[in-house]
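Note on naming: letters A, B, ... go to the chains in the order of the sequence lines (proteins, then strands), and numbering restarts at 1 for each one.
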Amino acid sequence: MAKSKFQALRGMRDIMSPDAERQRALVDAFAHLAGLSGYGHIMSPIVEDLGVFLRVGESTDVVTKEMYDFEDKDGTRIAMRPELTASVVRAFVQHNPPSLPWKVWYEGPQFRHERPQAGRYRQFSQVGIEVLGSDDPAVDVEVIALGWRFYQALGMNEVTLLLNSLGDDTCRPQYFDALETYFRDRASELSEKSQETLEKNPLRVLDSKRAEDQAIIADAPLMVDFLTDETAEHFAAVRSGLESLGIPYEISPRLVRGLDYYTRTTFEFASTALENAQNAVGGGGRYDGLAESLGGKPTPGIGFALGVDRILLACDAEGVFPAPDLTPDVFVLDVTGTEAATVIADELRMAGISVERAYDGRNMRSQMKVANRVEAPWAVIIGETELAEGNVTLRDMHGDSGQTLVSRDELVATLSTKVAN
RNA sequence: GUGGCUGUAGCUCAGGUAGGUAGAGCACCGCGUUGUGGUCGCGGCGGUCGCGGGUUCAAAUCCCGUCAGCCACCCCA
């Protein structure tokens with residue numbers, strides 16, 4: 001490593017070309033799909049009042065331990081968003097959109113102060129959607145399908161959809177109690193860590209990966225056995241909808257999610273191509289009580305967030321969705337030392353032809369080497385004799401058609417045709 | 001947050017377990033071709049061996065600390 005006085009903060013990194021272009025292409029693909037389904041783009045602030053997030057996850061590490069929060073210059077307690085659902089719901093409550101359901105998609109960085117690992121960064125990026133104002137199971141199906149179709153659009157095949165229902169206000173408390181009783185009776189057999197988790201939220205004990213907890217978790221009561229008729233019906237409608245779309249899913253009765261606000265339908269997308277523990281490439285669910293807890297009218301909501309960085313890692317593992325090709329159409333060389341290269345490059349670019357060129361008055365051999373390195377299929381050579389006669393030399397860098405003399409007036413037209421092919 | 005592994009040129013890595021003052025391949029630059037690339041040949045640039053301290057006549061090499069990355073736990077996207 002060359003010595004440099006500063007480096008990016010822990011868990012944060014510079015995403016450079018061509019990875020940055022690849023990430024943008026991913027977001028473009030997502031925006032396209034979301035647009036096809038009638039979702040509008042929302043760009044919300046990166047920082048919010050701390051309270052926006054406190055309401056949504058008081059028993060979660062995301063909110064209690066990992067949040068980047070600080071006091072603003074006027075004393076307000078603010079936080080860099082650790083997730084986007086809360087921000088979007090805050091925006092929904094604030095603007096009270098007249099026509100429901102309100103459907104939005106988003107993309108952007110989020111911050112969590114965790115110990116970094118591959119696929120887990122302190123600043124990470126997600127794409128996602130949220131729908132507020134309808135609890136029609138068709139909405140659940142549309143949301144899940146959009147996530148699924150997105151992975152497909154990227155070429156990913158090794159994604160598993162895990163599905164569960166966490167119940168609603170009427171049935172969840174009963175399940176919660178049953179689970180708490182069950183775990184408390186066996187607390188001594190649980191790992192120390194799980195005993196702590198039990199105090200905060202018995203549901204989350206189900207998430208433990210510690211070997212000593214597995215036997216107890218395996219026999220724990222299941223939410224599905226506690227669902228009210230109405231909730232069970234909703235869940236059945238969601239499953240049936242997914243089946244009619246041919247979207248495969250796996251019922252995962254112990255799937256719980258990281259944030260407290262989830263109700264009824266919850267789901268996670270896991271990549272089987274990722275071998276490490278960071279194999280969840282997306283997740284989401286219903287949060288029918290969130291709008292109300294942020295001061296709005298009771299409004300059902302559902303959404304998901306997909307981890308951009310992890311998706312890209314999974315794409316690498318599957319060998320799909322490569323970075324976009326940045327090869328220029330044309331490379332302009334100049335040995336006259338005039339402004340001709342500058343002018344011609346500009347003309348071509350304005351005609352929609354991508355152009356790279358040589359700088360610093362290097363000799364022709366060097367310029368050709370650069371043209372070769374960037375793999376431009378065409379080279380425009382500006383020399384003394386050509387320039388004097390109002391011409392330019394056009395060289396085919398790939399094929400064997402050699403090079404021809406082209407009048408400067410016809411260069412743009414000639415190259416436009418060639419590049420189009 | 002806990003434990004472990006790793007950190008040498010832009011990249012991938014050797015050297016470290018017998019301390020003696022840094023190497024390879026690729027990449028980059030130049031020459032062979034005073035206006036023509038890809039191959040080949042020759043030459044060159046490039047590192048205070050993550051950082052700080054200690055032991056020693058001498059440290060990339062041993063010791064301590066620290067920072068960063070990775071792995072498991074945790075958490076979750």
Side-chain angles (χ1 to χ4, degrees), chain A residues 1-13 16 57 59-67 82-85 107-128 147 191-194 196-197 204 207-213 255-259 267-271 274-284 304-314 331 333-337 358 360 362-387 393-398 400 402-403:
Chain A
M1 295 298 139
K3 61 176 175 187
S4 93
K5 196 165 181 181
F6 298 108
Q7 58 181 314
L9 259 19
R10 185 172 209 196
M12 305 192 178
R13 62 240 222 274
M16 301 188 286
S59 75
T60 69
D61 285 3
V62 168
V63 169
T64 57
K65 296 185 193 164
E66 300 171 354
M67 203 143 60
E83 59 121 33
L84 267 152
T85 302
E107 156 281 316
Q110 284 140 87
F111 304 84
R112 271 130 80 161
H113 192 100
E114 299 179 277
R115 191 137 163 189
Q117 235 170 292
R120 185 217 262 180
Y121 308 102
R122 289 184 171 180
Q123 176 177 334
F124 61 101
S125 190
Q126 291 184 329
V127 294
S191 65
E192 213 172 295
K193 191 81 190 167
S194 286
E196 287 173 31
T197 308
R204 307 200 50 72
D207 231 1
S208 166
K209 285 177 198 158
R210 284 165 294 261
E212 60 265 44
D213 296 332
L255 174 71
V256 293
R257 309 231 58 251
L259 297 156
F267 54 95
E268 199 163 289
F269 297 103
S271 169
L274 256 27
E275 288 176 0
N276 60 21
Q278 268 65 53
N279 69 344
V281 292
F304 65 61
L306 316 180
V308 170
D309 314 289
R310 286 188 192 174
I311 289 173
L312 258 14
L313 285 177
F331 192 89
L333 301 81
D334 169 73
V335 289
T336 67
D360 301 317
R362 300 222 269 156
N363 66 36
M364 183 143 178
R365 184 184 193 217
S366 302
Q367 296 187 49
M368 281 300 290
K369 288 180 80 160
V370 179
N372 182 65
R373 190 191 311 144
V374 302
E375 297 181 319
W378 298 98
V380 168
I381 302 169
I382 304 163
E384 301 286 358
T385 37
E386 296 97 316
L387 191 61
T393 294
L394 183 59
R395 180 177 179 85
D396 182 346
M397 297 294 283
H398 290 344
D400 39 16
Q403 51 191 53

| said: Considering every strand and a 4.0 Å limit on heavy-atom distances, what is the contact class for A/Gly11: base, sugar-phosphate, or nothing? | reply: sugar-phosphate
| Taking the side chain of A/Pro116 as its heavy atoms from C-beta onward, which of B/C75, B/C70, B/A72 lies nearest to it? | B/C70
| Partner nucleotide of B/A60 by Watson-Crick or wobble geometry (both distances under 3.5 Å) | none
| Pairing partner of B/G35 (Watson-Crick or G-U wobble, both distances under 3.5 Å) | none
| query | Considering Watson-Crick and G-U wobble pairs with both distances under 3.5 Å, what does B/C75 pair with? | reply | none
| What's the shortest heavy-atom distance between A/Ala379 and A/Leu333, and which atoms? | CB-CD1, 3.7 Å
| Residues in side-chain hydrogen bond (donor to acceptor under 3.5 Å, both in side chains) contact with A/Gln367, at least two apart in sequence or another chain | none
| said: List the residues meeting ring-ring contact (aromatic ring centres under 6.0 Å, His included) with A/Phe304, not counting sequence neighbours, and say none if there are none. | reply: none
| field | Interatomic distance at P, B/C63 relative to B/U6, whole Å | value | 12 Å
| task | Would you check if there is a donor-acceptor pair between the side chains of A/Thr336 and A/Glu384 at a distance under 3.5 Å? | result | no
| Pairwise C1' distance, B/U21 and B/U8 [rounded to whole Å] | 15 Å
| field | Touch class at under 4.0 angstrom, heavy-atom based, for A/Gly128 against every strand present | value | nothing
| query | Hey, what do you get for CD1 (A/Ile311) to CZ (A/Phe269), rounding to the nearest 0.5 Å? | reply | 9.5 Å
| Considering Watson-Crick and G-U wobble pairs with both distances under 3.5 Å, what does B/G25 pair with? | B/C11
| request: Check side-chain hydrogen bond (donor to acceptor under 3.5 Å, both in side chains) between A/Arg395 and all other residues, then give those that pass, not counting sequence neighbours. | output: A/Gln403
| request: Would you indicate what A/Lys193 reaches in the nucleic acid, counting non-hydrogen atoms under 4.0 angstrom: base, sugar-phosphate, or nothing? | output: sugar-phosphate
| message | Among residues at least two apart in sequence or on other chains, which ones pass salt bridge (Lys or Arg N to Asp or Glu O under 4.0 Å) with A/Lys193? | response | none
| message | Base contacts versus sugar-phosphate-only contacts with protein, heavy atoms under 4.0 Å: please encode nucleotides 35-46 of chain B as B, S and - from 5' to 3'. | response | BBBB--------
| said: Strictly below 4.0 Å: does A/Gln117 bring a side-chain N or O up to OP1 or OP2 of B/A72? | reply: yes
| task | Just call it for A/Phe269: base, sugar-phosphate, or nothing, with non-hydrogen atoms closer than 4.0 Å on any strand. | result | nothing
| query | Donor-acceptor pair under 3.5 Å: do we get one between A/Arg115's side chain and the base of B/G3? | reply | yes
| query | If we call it a pair only when both distances are under 3.5 Å in a Watson-Crick or G-U wobble match, what pairs with B/C49? | reply | none
| request: Just jot down the side-chain hydrogen bond (donor to acceptor under 3.5 Å, both in side chains) partners of A/Glu114, sequence neighbours excluded, or say none. | output: none
| message | Between B/U39 and B/G52, how many Å separate the two P atoms, rounded to a whole number? | response | 41 Å
| said: With syn defined as a glycosidic angle within 90° of 0 and anti as the rest, where does B/A18 land? | reply: syn
| said: For B/C70, give the paired nucleotide (Watson-Crick: N1-N3 plus N6-O4 or O6-N4; G-U: N1-O2 and O6-N3; both under 3.5 Å), or none. | reply: B/G4
| task | For A/Arg112 and for A/Arg362, find the nucleotide of RNA chain B with the closest heavy atom, then tell me which residue's nucleotide is more 5'. | result | A/Arg362
| query | Is A/Ser208 near enough to B/C74 that one of its side-chain N or O atoms lies under 4.0 angstrom from OP1 or OP2? | reply | yes
| field | Pairwise C1' distance for B/U61 and B/U55, with rounding to whole Å | value | 13 Å
| Residue met sooner reading RNA chain B from 5', once A/Met12 and A/Arg120 are mapped to nucleotides | A/Met12
